[in-house]
Each structure stands twice: as C-alpha cells, then as structure tokens.
Amino acid sequence: MTARRPQEGTSLIPGNLHVAEDCRAVSEVLARVGDKWTVLVVSTLGDGPKRFNELRRALGSISQRMLTLTLRGLERDGLVTRTIFPTIPPRVEYELTRLGRSLLEPVSSLGLWARQNRSAIADARYRFDAAAARTKAGRPGPSADRPVP
C-alpha cells in the first residue's frame, strides 16, 4: 500500500471535528450573516450611513417589518449602530460598526462566488434531479464509473 501525502497547502484536519461549543458559535453567526436580508443590508450600508426609508428603497422588496427585524438583529450583534438625531421629526440613521465593516469583504466574496457559480450549481442540480427521477422510475441513474450524458 502506498503512503498518501496530504495535498500541498492543505492543513491536516484535527481528529476531533465536533466541538459542541464551536458548533454553536458557528451556527449562531451563520444564522445571522447567512440570512438573505442581512447580506443585502450589510452590502447596502457598505456605501455609508442610511436612513430607514433609504435602506428600504434600496432593497426593493423587503417589508418594513423584515427590515426592522434585520436591523435590530444586526444592532444586537454589534454589526450596525443606530443613531437618533434630535430633530423634529427625529432622524434615525443606521451605519456599519467596525465589526460590521469587517463583514463586507466575506459577504462580497460570497456574493461574487454565488454569481460566478450559479450556472454550474444549476447544472449539477439538474443532473442530480434527473438521476433521482430515473432511479425513482426504476431505471439506474449515473454512477461514478459511468459518464453523465
């Protein structure tokens, strides 16, 4: 048997992959930053502070309630600040914090990756669904040793 070497540039994965505390932390953060509206709000605020209605217009189809909930969650997590100006009527602006600005690059990169790979993912889904339909109909689907037509 030939000894296998790890791929160059790939770090070795530790034996204990599941640390409950780490999993919870990752899950909580991903629940916040993986949300569609969070990504759009953070990206929009990347251009600078915005008032509520500016954000709502920029995001198009978001409801007032969803924007309020998203902003409240982002503020709670320290990603956005809410500043109230003592005018009549009061003016409220939302702005990314330093932590929120640090999220801009990963969010932008993920968005770019999604746009660049959208058609490849759609093709893979089509092939998978077609194979599943053939299997369900009693015909074998593509296997690892058989090329996909």
Side-chain angles (χ1 to χ4, degrees), residues 6-137 139 141-144 147-149:
Q7 283 183 312
E8 263 184 59
T10 302
S11 61
L12 295 175
I13 299 171
N16 184 3
L17 293 177
H18 181 75
V19 178
E21 191 78 16
D22 291 346
C23 287
R24 269 192 297 282
V26 169
S27 292
E28 288 174 10
V29 170
L30 287 178
R32 166 63 53 218
V33 300
D35 174 73
K36 162 183 151 179
W37 293 117
T38 294
V39 169
L40 294 172
V41 167
V42 168
S43 297
T44 302
L45 288 175
D47 297 333
K50 302 265 186 293
R51 295 176 70 174
F52 185 89
N53 283 326
E54 286 180 286
L55 277 169
R56 192 161 174 215
R57 278 190 300 274
L59 298 173
S61 62
I62 192 169
S63 69
Q64 181 171 338
R65 176 172 161 60
M66 184 52 66
L67 180 55
T68 299
L69 291 173
T70 301
L71 288 167
R72 193 171 293 149
L74 290 168
E75 185 178 10
R76 180 175 182 249
D77 290 346
L79 301 170
V80 165
T81 57
R82 179 177 184 259
T83 305
I84 302 170
F85 295 93
T87 59
I88 299 177
R91 190 176 95 220
V92 179
E93 282 188 350
Y94 296 90
E95 183 175 14
L96 292 176
T97 62
R98 182 181 305 166
L99 182 62
R101 283 191 303 277
S102 74
L103 183 58
L104 274 172
E105 185 179 338
V107 162
S108 299
S109 295
L110 183 58
L112 176 62
W113 181 89
R115 287 188 301 277
Q116 289 174 338
N117 292 287
R118 185 177 184 180
S119 63
I121 291 169
D123 291 344
R125 287 176 178 170
Y126 176 80
R127 287 191 308 273
F128 182 91
D129 293 345
R134 283 193 301 273
T135 301
K136 188 175 183 179
R139 294 184 303 263
S143 67
V148 176

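Starting from 1, each residue takes its place in the sequence as its number. These numbers were taken from a predicted model, which means no experiment stands behind them.
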Within the structure provided, determine whether Thr38 and Leu74 are in side-chain contact (heavy-atom separation under 4.5 Å). yes
Going by the rule side chain to side chain contact (heavy atoms under 4.5 Å, CB included), which residues pair with Phe52 if we only count those two or more places apart in sequence or in a different chain? Arg56, Gln64, Leu67, Thr68, Leu71, Tyr94
Can you tell me how far the SG atom of Cys23 sits from the CD atom of Glu28, to the nearest 0.5 Å? 11.5 Å
Are side-chain heavy atoms of Val92 and Phe85 found at a separation under 4.5 Å? no
What distance separates Asp123 CG from Arg125 CZ, expressed to the nearest 0.5 Å? 11.0 Å
Closest heavy-atom pair and its distance - Thr87, Pro89: OG1-O, 2.7 Å
Arg24: salt bridge (Lys or Arg N to Asp or Glu O under 4.0 Å) partners, not counting sequence neighbours: Glu21
Pairing residues for Ser43 by the side chain to side chain contact (heavy atoms under 4.5 Å, CB included) criterion, not counting sequence neighbours: Val39, Val107
Residue set satisfying side chain to side chain donor-acceptor pair (under 3.5 Å) with Thr44, at least two apart, ordered chain then number -> none
Residues passing the side chain to side chain donor-acceptor pair (under 3.5 Å) test with Arg32, sequence neighbours excluded, are Asp77
Give me the atom names and distance for the closest heavy-atom approach of Gly100 to Val42. O-CG1, 4.2 Å
Listed by chain and number, what are the side chain to side chain contact (heavy atoms under 4.5 Å, CB included) partners of Ser27, not counting sequence neighbours? none
Identify all side-chain donor-acceptor contacts of residues 109-116 below 3.5 Å with residues at least two apart in sequence or on another chain.
from   : atom 1 : to     : atom 2 : distance (Å)
Ser109 : OG     : Glu105 : O      : 3.0
Arg115 : NH1    : Gly111 : O      : 3.4

Output for pair (Leu103 CG, Ser108 OG), nearest 0.5 Å, gives 8.5 Å
For Arg91, which residues count as a salt bridge (Lys or Arg N to Asp or Glu O under 4.0 Å) partner, sequence neighbours excluded? Glu93
Sequence neighbours excluded, the answer for side chain to side chain contact (heavy atoms under 4.5 Å, CB included) partners of Glu54 is Lys50, Arg51, Arg57
Kindly say whether Thr97 contributes a backbone atom to a donor-acceptor pair with the side chain of Thr81 at under 3.5 angstrom? no
Calculate, to the nearest 0.5 Å, the distance between atoms OG and CH2 belonging to Ser63 and Trp37 respectively. 8.0 Å
Here the salt bridge (charged side-chain N to carboxylate O under 4.0 Å, His left out) pairs for residues 35-49, sequence neighbours left out, are none
Output all residues satisfying salt bridge (Lys or Arg N to Asp or Glu O under 4.0 Å) with Arg82, sequence neighbours left out; order by chain, then residue number. none
Please examine the side chains of Leu59 and Val41, heavy atoms only from C-beta on, and report whether any two atoms are closer than 4.5 Å. yes
